[in-house]
S.K.: 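First the structure, then my questions, so here it is.
Note that the structure is a prediction, hence the values are computed from the model and not measured.
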Amino acid sequence: MADATVRPARAEEAAAVRAVGRAAWHAAYDPIHGPETVEELFDSWWTVEDLREGAEDPERVLLVAARDGDVLGVADAGPDPEHDGAFVVARLYVHPDAWGEGLGTRLVDGLRERLPGDVGRLRLVVLAENDVGVSFYESYGFERVEEHGGETHEEYVYELSVR
């Protein structure tokens with residue numbers, strides 16, 4: 001099996017990126033929210049139009065991890081309107097069949113390599129109950145800088161210095 005390549009996403013891959021996101025969301029969030037709620041939230045937050053726009057937006061960094069033509073992971077980050085010198089990671093997901101293969105690490109590495117020179121931090125929010133996400137971010141070196149209650153669940157805010 002060939003090693004996965006991390007590269008910029010193409011607009012025509014939006015459906016494949018969405019499929020990875022759907023599988024990862026169900027694996028991570030079904031135990032927290034239930035499959036029906038996950039599906040409803042997913043459909044509102046992961047539109048094909050937004051993914052296509054993200055692939056073509058010069059201010060965003062939208063990457064995929066792909067192997068043998070199959071998209072296995074996605075990372076999506078853009079300028080953080082609330083924090084100068086920071087990009088916010090809106091999406092970082094790997095298909096559950098590829099968890100543990102190092103693709104999340106490679107995607108974050110890819111984001112870091114492609115950030116504009118004036119960006120010094122990556123920021124993200126993760127549900128406190130998302131054990132897989134929390135474990136990954138902490139093992140990569142993200143630092144928890146805030147904790148707050150969301151509408152129904154506690155959330156953690158993480159930062160990573162990239163320079």
S.K.: Where is the tightest heavy-atom contact between V64 and A9, given as atom of each residue plus distance?
M.R.: CG1-CB, 3.7 Å
S.K.: Check for me whether the distance between the ring centres of Y93 and W99 falls short of 6.0 Å.
M.R.: no
S.K.: Would you indicate whether the side-chain heavy atoms of V108 and F136 approach each other to under 4.5 Å?
M.R.: yes
S.K.: Compare every heavy atom of A23 with every heavy atom of P96, then report the nearest pair and how far apart it is.
M.R.: CG-O, 3.5 Å
S.K.: Are V20 and V38 connected in a single hydrophobic cluster, I mean Ile/Leu/Val/Met/Phe/Trp/Tyr linked by side-chain heavy atoms less than 4.5 Å apart?
M.R.: yes
S.K.: Given D109 and R114, is the salt bridge (Lys or Arg N to Asp or Glu O under 4.0 Å) satisfied, shown in steps?
M.R.: CA-CA 9 Å; D109 291 347; R114 291 165 175 88; over 6 Å; no
S.K.: In the structure I gave you, are the side-chain heavy atoms of E154 and H148 within less than 4.5 Å of one another anywhere?
M.R.: no
S.K.: Calculate, to the nearest 0.5 Å, the distance between atoms OG1 and CD1 belonging to T152 and I32 respectively.
M.R.: 10.0 Å
S.K.: Test of understanding: with salt bridge (Lys or Arg N to Asp or Glu O under 4.0 Å), list the residues that count as partners of E39, not counting sequence neighbours.
M.R.: R22
S.K.: Step by step, work out the side chain to side chain contact (heavy atoms under 4.5 Å, CB included) result for V94 and E101.
M.R.: CA-CA 10 Å; V94 171; E101 293 182 23; over 6 Å; no
S.K.: Could you tell me which non-hydrogen atom of P81 sits nearest to which non-hydrogen atom of P79, and how far apart they are?
M.R.: CD-O, 3.3 Å
S.K.: How far does CZ of F87 sit from CZ of R123, to the nearest 0.5 angstrom?
M.R.: 14.0 Å
S.K.: Less than 4.5 Å apart, side chain to side chain, heavy atoms only: is that true for P116 and E59?
M.R.: no
S.K.: Provide the closest heavy-atom pair for A65 versus L107 in the form atom of the first, atom of the second, distance.
M.R.: N-CD2, 3.8 Å
S.K.: By the rule that ILVMFWY residues connect when side-chain heavy atoms come within less than 4.5 angstrom, directly or transitively, which residues belong alongside V88?
M.R.: none
S.K.: Tracing side-chain links under 4.5 Å among I, L, V, M, F, W and Y, which residues wind up in one group with V145?
M.R.: V125, V157
S.K.: Tell me, with the steps shown, if D76 and R60 meet side chain to side chain contact (heavy atoms under 4.5 Å, CB included).
M.R.: CA-CA 7 Å; D76 184 4; R60 272 169 71 181; 2.6 Å; yes
S.K.: Does W25 reach the side chain of L41, with side-chain heavy atoms less than 4.5 Å apart?
M.R.: yes
S.K.: Please indicate whether E40 has more than 12 foreign heavy atoms, meaning atoms of other residues, nucleotides or ligands, lying under 6.0 Å from its CD.
M.R.: no
S.K.: Heavy-atom count around D57 CG within 6.0 Å, excluding the residue itself: above 12?
M.R.: yes
S.K.: Looking only at non-hydrogen atoms, find the nearest pair between A4 and R67 and report the distance.
M.R.: CA-CB, 4.0 Å
S.K.: Would a single hydrophobic cluster contain both Y156 and L127, if residues Ile, Leu, Val, Met, Phe, Trp and Tyr are joined by side-chain heavy-atom contacts under 4.5 Å?
M.R.: no
S.K.: Are side-chain heavy atoms of E129 and H33 found at a separation under 4.5 Å?
M.R.: no
S.K.: For the hydrophobic clusters of this structure (ILVMFWY residues joined by side-chain heavy atoms under 4.5 Å, transitively), does one cluster hold both L111 and L51?
M.R.: no
S.K.: Could you tell me if the side chain of L62 sits less than 4.5 Å from the side chain of E53, heavy atoms only?
M.R.: no
S.K.: Please list all pairs meeting salt bridge (Lys or Arg N to Asp or Glu O under 4.0 Å) that have one or both residues in residues 23-37, counting only residues at least two apart or in different chains.
M.R.: none
S.K.: Considering all heavy atoms of both residues, which atom of A55 and which atom of A11 are nearest to each other, and what is their separation?
M.R.: CB-N, 3.6 Å
S.K.: Taking side chain to side chain donor-acceptor pair (under 3.5 Å) as the test, write out the residues that go with E147, two or more places apart.
M.R.: R144
S.K.: So W46 and V17, do their side chains get closer than 4.5 Å, heavy atoms only?
M.R.: yes
S.K.: Would you please test Y137 and N130 for side chain to side chain donor-acceptor pair (under 3.5 Å) and show each step?
M.R.: CA-CA 11 Å; Y137 296 126; N130 180 349; over 6 Å; no
S.K.: Which salt bridge (Lys or Arg N to Asp or Glu O under 4.0 Å) pairs, counting each pair once, include a residue from residues 10-21, with sequence neighbours left out?
M.R.: R7-E13, R10-E12, R10-E13, R18-D43
S.K.: As a quick check of understanding, evaluate salt bridge (Lys or Arg N to Asp or Glu O under 4.0 Å) for R121 and D84, giving each step before the final call.
M.R.: CA-CA 9 Å; R121 297 174 291 152; D84 288 338; over 6 Å; no
S.K.: Are Y158 and Y29 connected, step by step, through hydrophobic side chains (Ile, Leu, Val, Met, Phe, Trp, Tyr) whose heavy atoms are closer than 4.5 Å?
M.R.: no
S.K.: With rounding to the nearest 0.5 Å, note down the distance linking CG in L122 to CZ in R112.
M.R.: 7.5 Å
S.K.: If Ile, Leu, Val, Met, Phe, Trp and Tyr residues are connected whenever their side-chain heavy atoms lie under 4.5 Å apart, and connections chain through other members, are V71 and L103 in the same group?
M.R.: no
S.K.: Quick check: do L115 and V162 have side-chain heavy atoms less than 4.5 Å from each other?
M.R.: yes
